[in-house]
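For ligands, and for the atoms within them, numbers begin at 1 and follow the listed sequence.
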Amino acid sequence: MVAILVALALFILFSSSVNALSLNYYDKTCPRLESTITSAVKNAMINDKTVPAALLRMHFHDCFITGCDATVLLASKGNQKAERDGPPNISLHAFYVIDNVKKAVEALCPGLVSCADILALAARDAVALSGGPTWLVPKGRKDGRISRAIDTRQLPSPTFNISQLQQSFSQRGLSLKDLVALSGGHTLGFAHCSSFQNRIHNFNASFDIDPSLQPSFAASLRSICLAHNKTKNAGATLDSTTATFDNVYYKLLLQGKSIFSSDQALLTTPKTKALVSKFASSQQEFDKAFVKSYYNVIEPVQLKIIVSSSPI
Ligand code: HEM
Ligand SMILES: *[C@@H]1O[C@H](CO)[C@@H](O)[C@H](O)[C@H]1NC(C)=O
Ligand SMILES: *[C@@H]1O[C@H](CO)[C@@H](O)[C@H](O)[C@H]1NC(C)=O
Ligand SMILES: *[C@@H]1O[C@H](CO)[C@@H](O)[C@H](O)[C@H]1NC(C)=O
Ligand SMILES: *[C@@H]1O[C@H](CO)[C@@H](O)[C@H](O)[C@H]1NC(C)=O
């Protein structure tokens, strides 16, 4: 009975937000919204080339925890720690860019635009301005009010194998194809040594280093992380063209030059491996698949799927 009521409540909640979203949500009330956000992101990129990676990661982080509701931006209150103070926050940065965008948007159309919409638009711009594809963003999302550090446990870990990744994605209505295409987000950005330490020291009982890593690549990761042992910021870029949204991530993955175990895991089933090869050989196929899968993350249709699979 309780389960039914909860499912019903969720259904009403999600179906109302489904109705609210639209591509032209702010057309009348804030016509310059999107161009304002795009120029703010562009300006931020001039001074800091890592901004697009930060924005894309931030949005993924936000969407995977309680939906794309901007709760990643909320500050901790007293001893109630927020998502942004949870353990995986080592990869969150450039909050100032969103703060600046928010200020510009408030000056333009005060009190109208949700942070959830701003974040979704900024992530879209980050990809497009890095040479990647672009897409239309359905808007009218409401901001969440509850942000709990403990919920960041729901993020997939970089040490996950393919079944753990598949489970994490399927809980959000995302397929194996979505997993492979969205992992291509790792065409941008950087990882700290702590995120791939498992592959370069004490990998398992028989190997110190993950044998699926290309040996000289593994040696270079190890020396970076050893040499900078004392500094918290040591690490490696996620692909060799870290500020360009391209398919080099997949090409390197096939050569044993991926950073996370979760990247390598994409080669461990025939289906996912075939998709990696496809994206490695065609930037166009990757771009197309990335956009489609990104929609599966941001479009509330997904929420409908999750709800209808609950036992009403
Ligand atoms: C498949 C599961 C995923 C796992 C396990 C994962 C894990 C991680 C980890 C551990 C980091 C680096 C943390 C650090 O050491 O600083 C990272 C960075 C990043 N991730 Fe993922 N991620 C996943 C999926 C995604 C998706 C779906 C996207 C976006 C489409 C994405 C975009 C990024 C970006 C852009 C960075 C770089 C951030 C920066 O340099 O500021 N990741 N990811
Ligand atoms: C990450 O969390 C720590 C501790 O909870 C906090 O001091 C730090 O400011 C957070 N980093 C970001 C980028 O919010
Ligand atoms: C993945 O890891 C889990 C938990 O350690 C384990 O139960 C499962 O068998 C592993 N799956 C694969 C395909 O290795
Ligand atoms: C260590 O990992 C390798 C490569 O994944 C695997 O072939 C081997 O069986 C593993 N050994 C142990 C003891 O788990
Ligand atoms: C690096 O740090 C790890 C643990 O943080 C330690 O076990 C290792 O001995 C250190 N290596 C060097 C070269 O300082």
Atoms of ligand 1 close to [X] [distance to a heavy atom under 4.0 angstrom, numbered from 1]:
X      : result
Phe169 : 1 (C), 2 (C)
Ser183 : 1 (C)
Gly189 : 37 (C), 40 (O)
Leu238 : 18 (C), 19 (C), 36 (C), 37 (C)
Phe190 : 12 (C), 16 (O), 37 (C), 39 (C), 40 (O)
Ala54  : 41 (O)
His93  : 39 (C), 41 (O)
His186 : 6 (C), 8 (C), 17 (C), 19 (C), 20 (N), 21 (Fe), 22 (N), 23 (C), 24 (C), 25 (C), 31 (C), 32 (C), 33 (C), 42 (N), 43 (N)

Pair [X], [Y]: side-chain N/O donor-acceptor within cut-off below 3.5 Å:
X      : Y      : result
Asp117 : Tyr25  : no
Asp125 : Thr38  : yes
Asp263 : His186 : yes
Ser195 : Gln197 : no

Would you mind checking which non-hydrogen protein atom is closest to [atom], with the distance to 0.1 Å?
atom                    : answer
atom 30 (C) of ligand 1 : Leu182 O, 3.4 Å
atom 7 (O) of ligand 2  : Asp85 OD1, 4.6 Å
atom 5 (O) of ligand 3  : Gln164 NE2, 4.1 Å
atom 16 (O) of ligand 1 : His192 ND1, 2.6 Å
atom 3 (C) of ligand 1  : Pro156 CG, 4.0 Å
atom 1 (C) of ligand 2  : Asn89 ND2, 1.5 Å
atom 11 (C) of ligand 1 : Phe260 CZ, 3.3 Å
atom 29 (C) of ligand 1 : Leu56 CG, 3.8 Å
atom 6 (C) of ligand 3  : Asn161 ND2, 4.2 Å
atom 34 (C) of ligand 1 : Arg57 CB, 3.8 Å

Is atom 9 (O) of ligand 3 touching the protein, meaning some protein heavy atom lies under 4.0 Å away?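 It does not: no protein heavy atom is found less than 4.0 Å away from atom 9 (O) of ligand 3.
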Flag atom 14 (O) of ligand 3 as yes if some protein heavy-atom distance to it falls below 4.0 Å, otherwise no.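 Within 4.0 Å: yes, protein heavy atom nearby.
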Roughly how far apart are [X] [atom1] and [Y] [atom2], rounded to 0.5 Å?
X      : Y      : atom1 : atom2 : value
Lys273 : Leu253 : NZ    : CG    : 9.5 Å
Ser175 : Lys292 : OG    : NZ    : 8.0 Å
Lys139 : Leu121 : NZ    : CG    : 6.0 Å

Need the ligand 2 atom indices (1-based, order shown) with element for anything under 4.0 Å from a heavy-atom of Leu92.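 Heavy-atom distances to Leu92 below 4.0 Å select 13 (C).
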Between [X] and ligand 1, find which residue part has any heavy-atom pair under 4.0 Å and reply side chain, backbone, both or neither.
X      : result
Ser262 : side chain
Ser195 : side chain
Ser157 : backbone

Check step by step if salt bridge (Lys or Arg N to Asp or Glu O under 4.0 Å) holds for Asp151 and Arg148. CA-CA 6 Å; Asp151 290 337; Arg148 303 185 310 170; 3.0 Å; yes
Do ligand 1 and Thr50 have nitrogen or oxygen atoms that lie under 3.5 Å from each other? no
Given that the side chain starts at C-beta and the backbone is N, CA, C, O, which of these parts of Lys81 lies under 4.0 Å from ligand 2, counting heavy atoms, or is it both or neither? side chain
Closest contact, heavy atoms only, Phe64 versus Pro156: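 Scanning both residues, the minimum pair turns out to be CD2-CD, 3.8 Å.
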Please could you name the atoms of ligand 3 that Ser163 approaches to less than 4.0 Å, counting only its heavy atoms?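 This gives 1 (C), 10 (C), 11 (N), 12 (C), 13 (C) as the contact atoms.
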Out of Asp210, Ile224, Leu213, Asp208, which residue meets the side chain to side chain contact (heavy atoms under 4.5 Å, CB included) rule with Ile200? Leu213
Validation row, ring centre Phe260 to ring centre Phe160 under 6.0 Å: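 That pair fails the under 6.0 Å test.
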With a 6.0 Å cut-off on the ring centroids, do Phe290 and Phe286 count as close? yes
Carboxylate-amine/guanidinium proximity below 4.0 Å for Glu34 and Arg124: yes
When you group the ILVMFWY residues by side-chain heavy-atom contacts below 4.5 Å and let the links chain together, are Phe203 and Leu267 in the same group? no
Can you hop from Phe60 to Ile90 via hydrophobic side chains spaced under 4.5 Å? no
Compare Pro52, Ala53, Ser130 and give the one whose heavy atom is closest to atom 35 (C) of ligand 1. Ala53
I'd like to check Lys288 versus Gln283 (side-chain heavy atoms, cut-off strictly below 4.5 Å). Are they in contact?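 The answer is no; the side chains never approach within 4.5 Å.
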Ile146, CD1 atom: more than 12 neighbouring heavy atoms under 6.0 Å: no
I'd like to know if Val297 contacts ligand 1, where contact means a heavy-atom distance under 4.0 Å to any ligand atom. no
Heavy-atom contact under 4.0 Å between Arg84 and ligand 2? yes
